[in-house]
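Computed from a predicted model, the values in this text were never measured in an experiment.
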Amino acid sequence: MKFNRFNTVIFIGFLAIVGVIIMQLFLLNQAYIFEKKDMEDKIHFALQDVVEKIYRDNKSELPITNQIKKVSENYFIVNVNDVFENRILEQYLKLEFEKVKLELDFEYAIYDCSSDEMVYGNYISINGKSEKFCEDCFLKNSDLTYYFAVRFPHIEQTYFKSLSQYWIFTGVLFLVLIIYVYSVFLMLQQKRYTDLQKDFINNMTHEFKTPLASILIASNYANTQKEIVDNPRLSKYMQIIINQSNKLNQHIEKILYVAKTESKQIVLDKTKVDVKVLLELVKENIVLKHQKEIKIDIQLERDYVIQADEFHFYNVLYNIMDNAVKYSGLNPIIQIQSKENDKGLLLKFSDNGVGIPANDLPFVFDKFFRVAREDSKDIEGFGIGLSYVKRVCEWHKWKVFATNNEDKGITISIQINKNDYE
């Protein structure tokens, strides 16, 4: 796949979101480490105060060595190294844990040297729910004589609960990443289908043009032969073949223009264009094409010369006037006027057709859009003429818009910039 600007924007956006998620995971890990250390410090300080109270009750001197040993994440052994009252240990533990605001369920056990067992255990619940005391969770320590052990069964869950807001933010970011990746996948898939469609249109139209050119050459040659010229019926049939081939060729050219504009293959060749001269040329071709009574009234305030791509500007004028004739019934009347305003030159093309419903008016310049009509089957076209008009105006940085007339028909206006005409 070609690495163009579209892919670059997607890649940068993807890297940005991944970077934010990595940063969020890093912050989450740091917050977890901090929360864990803070919890351990609270436990250590509370147990140290319990030891001090026991030594104070016994009127003994507190040893300098660290008497609190962390066996695992939720299991601590406290070496008292002196006798202590079993009945007051629970009270001291509750009091000191409450002081440091350690809101955790805990259970404790005391080593009885006479029976060589851990006894006198109890489970203390913060929310008052009673749970079974885990006797098998407390192991003896052969190096100590007077000690007790404290276990916190739900300390890991507490870590995660305290980090709930971080988990929410991380989950939201992961959800955003998933949506972004899915959206990118859809866009890339749509882009691939669009590229295939463009390639198909280009190949199809070029394949059509080759045999069509042969048909036109052969038809034009045959139309000059004496046998055809002397036979009115054959001459009529040959003229039908030529006319329909030319019409098909015009449709193919329009499709090619659309394909080229989508693939950005169009390069404007701006030159000085006489508006009135070009309008007269378009008028002549429109009359020749439809071969019916058409009134095209050109009323310009003065002669204007604009900077534009003559080929595409001609097609713009032709498409606007051709549409006006198609939708104006048997006696089309087209009025072309000019008006200079603060923004520049305004060209207005008004017809006496059936008009456009107000709901459809904003979409008349959309590609392939056709207004629903009872006579739509009798009117040829693919709905790309006005779309092409808008695209050419955008290339020139002009504005184009359509409005319904007060009586009947519509007016299509082109606003040409001040610096584009003289």
Side-chain angles (χ1 to χ4, degrees), residues 198 201-202 205-206 209 212-213 216 246-247 249-290 294 296-326 334-351 364-367 381-382 384-402 411-422:
K198 292 176 188 174
I201 290 175
N202 285 328
T205 50
H206 281 100
K209 285 182 72 66
L212 185 60
L216 282 170
N246 284 321
K247 193 174 293 183
N249 188 54
Q250 289 177 3
H251 289 322
I252 293 174
E253 288 294 336
K254 284 184 179 181
I255 295 174
L256 277 175
Y257 290 148
V258 172
K260 286 182 179 179
T261 58
E262 291 294 335
S263 59
K264 299 181 180 178
Q265 296 177 4
I266 296 296
V267 178
L268 294 182
D269 181 19
K270 287 188 176 182
T271 57
K272 290 186 177 181
V273 179
D274 190 310
V275 177
K276 187 172 183 180
V277 171
L278 199 61
L279 283 171
E280 292 289 349
L281 178 60
V282 174
K283 174 182 176 180
E284 181 182 346
N285 290 333
I286 290 291
V287 172
L288 287 174
K289 174 185 176 181
H290 292 278
I294 302 173
I296 301 178
D297 186 15
I298 302 175
Q299 299 178 358
L300 301 182
E301 292 181 343
R302 61 180 179 87
D303 292 339
Y304 297 99
V305 177
I306 66 170
Q307 287 286 338
D309 185 301
E310 185 174 0
F311 174 76
H312 291 295
F313 187 50
Y314 170 88
N315 288 334
V316 165
L317 301 178
Y318 187 91
N319 280 325
I320 293 175
M321 294 167 69
D322 189 45
N323 266 18
V325 173
K326 286 180 182 178
I334 303 172
Q335 190 173 46
I336 304 171
Q337 296 176 312
S338 68
K339 184 178 180 181
E340 296 186 54
N341 52 29
D342 295 338
K343 296 179 180 179
L345 174 63
L346 185 67
L347 292 179
K348 301 171 68 176
F349 301 80
S350 302
D351 62 52
V364 293
F365 295 104
D366 290 353
K367 188 168 56 176
F382 299 118
I384 61 178
L386 290 182
S387 171
Y388 171 72
V389 168
K390 183 179 180 181
R391 187 63 61 88
V392 173
C393 289
E394 288 175 347
W395 296 337
H396 288 83
K397 296 182 171 37
W398 301 341
K399 300 291 183 182
V400 61
F401 48 92
T411 297
I412 293 180
S413 305
I414 299 176
Q415 180 67 60
I416 300 174
N417 300 327
K418 276 186 176 182
N419 55 353
D420 285 338
Y421 77 96
E422 57 186 49

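The structure places CD of Q307 at 7.0 Å from CD of E422, a figure rounded to the nearest 0.5 Å. Taking CD1 of I334 as the reference point, atom CD1 of I298 lies at 10.0 Å (rounded to 0.5 Å). Distance check, rounded to the nearest 0.5 Å: CD1 of I286 to CG of L279 gives 11.0 Å. Atoms CD and CG, from Q415 and D420 in turn, are 10.5 Å apart once rounded to the nearest 0.5 Å. Separating the CZ atom in R391 from the CG atom in L386 is a distance of 13.5 Å, to the nearest 0.5 Å. Rounding to the nearest 0.5 angstrom, the gap separating the CD1 atom in I416 from the CG atom in L346 is 8.5 Å.
Residues T411 and F349 have side chains not in contact (no heavy-atom distance under 4.5 Å, counting atoms from C-beta outward). No side-chain heavy atom of Q337 sits under 4.5 Å from any side-chain heavy atom of E301. Here the side chains of V305 and Y421 are not in contact, with every heavy-atom distance at 4.5 Å or above. Looking only at side-chain heavy atoms (C-beta outward), I320 and V389 come within less than 4.5 Å of each other. Residues W398 and I306 have side chains in contact (heavy-atom distance under 4.5 Å, counting atoms from C-beta outward). A heavy-atom distance below 4.5 Å is found between the side chains of Q335 and Q299. A heavy-atom distance below 4.5 Å is found between the side chains of L345 and S338.
One finds a salt bridge joining E340 and R302 here, because a Lys/Arg side-chain nitrogen approaches an Asp/Glu carboxylate oxygen to under 4.0 Å.
Between D303 and K276, the shortest heavy-atom distance links the atoms OD1-CD, 3.7 Å.
In this model, no donor atom of one side chain and acceptor atom of the other lie less than 3.5 Å apart for Y318 and N285.
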Mind running side-chain contact (heavy atoms from CB on, under 4.5 Å) on V400 and S413 for me, showing each step along the way? CA-CA 6 Å; V400 61; S413 305; over 6 Å; no

Begin with the C-alpha distance, continue with both residues' side-chain angles, and end with the deciding distance and a verdict on side-chain contact (heavy atoms from CB on, under 4.5 Å) for H396 and K270. CA-CA 9 Å; H396 288 83; K270 287 188 176 182; 3.8 Å; yes

Could you walk me through whether N315 and Y388 pass side-chain hydrogen bond (donor to acceptor under 3.5 Å, both in side chains), step by step? CA-CA 9 Å; N315 288 334; Y388 171 72; 3.1 Å; yes

After noting the C-alpha distance and the side-chain angles of Y314 and V282, does the key distance pass the side-chain contact (heavy atoms from CB on, under 4.5 Å) rule? CA-CA 7 Å; Y314 170 88; V282 174; 3.4 Å; yes

Give the C-alpha distance, both sets of side-chain angles, the deciding distance and a yes or no for side-chain contact (heavy atoms from CB on, under 4.5 Å) between N323 and D351. CA-CA 9 Å; N323 266 18; D351 62 52; over 6 Å; no

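No more than 12 heavy atoms of other residues, nucleotides or ligands shown are found within 6.0 angstrom of NZ on K348.
Judged purely by atom type and a 3.5 angstrom limit, K283 uses its side chain to pair as donor or acceptor with the backbone of I296. Between the side chain of K418 and the backbone N or O of D342 there is at least one donor-acceptor pair closer than 3.5 Å. In terms of modelled atom types and a separation under 3.5 Å, the side chain of D309 and the main chain of D269 share a donor-acceptor contact.
Between W395 and H312, the angle of the ring planes goes over 60°, which puts this pair in the perpendicular group of the 30/60° scheme.
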